[in-house]
Amino acid sequence: MQQPTFHCKLGPGERVETKLTLTPDPASCIFGQVTEPSGTPLAGALALLFRIETDTRLGVPVAQMMTDADGHFAFGGLDEDVLYRVKVFCHGGKARVLEVSPL
């Protein structure tokens, strides 16, 4: 099975929001890599995972981690039919937001 890929090049101070739908899998996970605009991996960025409540659309914090030396992060053990939001904060407080939901 081919893994979905998400690429985006940010401009200075730009915030990007997107939605991605994944197929259900009992071992579902969200993983990614944070990079500089030049493509250089960004170690030490803070990745936060939120479970989105459908009635309020508010995010409930689920997990957090720092990116590794290669800019990678991963969150596992996700529930089906739940909307998740990943926020990544890089140096200088700039954030990227990605919403992910299994089908």
Side-chain angles (χ1 to χ4, degrees):
M1 177 170 69
Q2 185 178 0
Q3 298 293 327
T5 304
F6 174 77
H7 297 278
C8 184
K9 197 169 207 175
L10 293 176
E14 181 181 10
R15 179 177 172 195
V16 175
E17 294 189 35
T18 188
K19 291 186 180 182
L20 174 69
T21 302
L22 302 176
T23 57
D25 183 336
S28 292
C29 70
I30 296 172
F31 62 92
Q33 182 183 35
V34 180
T35 62
E36 298 281 359
S38 64
T40 304
L42 185 59
L46 176 62
L48 302 171
L49 179 66
F50 296 87
R51 180 185 178 110
I52 304 305
E53 299 298 322
T54 54
D55 54 340
T56 62
R57 298 283 297 170
L58 294 176
V60 175
V62 176
Q64 66 180 16
M65 70 172 302
M66 303 298 279
T67 57
D68 67 11
D70 296 319
H72 292 112
F73 67 89
F75 298 109
L78 305 179
D79 295 327
E80 292 183 25
D81 299 322
V82 173
L83 179 63
Y84 291 95
R85 180 176 293 138
V86 176
K87 290 187 179 183
V88 177
F89 294 89
C90 302
H91 307 291
K94 295 180 183 171
R96 291 188 65 187
V97 178
L98 173 65
E99 290 190 352
V100 183
S101 176
L103 292 174

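If you're wondering where the values come from, they're calculated on a predicted model, not measured in any experiment. Residues: numbered from 1 along the sequence shown.
- For the atom pair CD (Q33) and CZ (F73), the distance works out to 9.5 Å, reported to the nearest 0.5 Å.
- Within the 4.5 Å cutoff, no side-chain heavy atoms of F31 are placed close to those of H72.
- The structure places CD of Q64 at 8.0 Å from CZ of F75, a figure rounded to the nearest 0.5 Å.
- Heavy atoms only, all atoms of each residue included: A69 and A43 are closest at CA-CB, 3.8 Å.
- Separation of atoms CG (L48) and NZ (K87) is listed at 8.0 Å; rounding is to 0.5 Å.
- Residues passing the side chain to side chain contact (heavy atoms under 4.5 Å, CB included) test with V62 are L49, R51, sequence neighbours excluded.
- By the 4.5 Å heavy-atom criterion applied to side chains, P41 and V34 are not counted as neighbours.
- A 4.5 Å side-chain heavy-atom check between L46 and V88 finds every atom pair outside the cut-off.
- Scanning both residues, Y84 and D79, for their nearest heavy atoms gives OH-N, 2.8 Å.
- Under the 4.5 Å side-chain contact rule for hydrophobic residues, V60 and V82 do not share a cluster.
- The shortest distance between side-chain heavy atoms of T35 and T40 does not fall below 4.5 Å.
- Judged as a salt bridge (Lys or Arg N to Asp or Glu O under 4.0 Å), not a single pair has a partner in residues 68-77 (not counting sequence neighbours).
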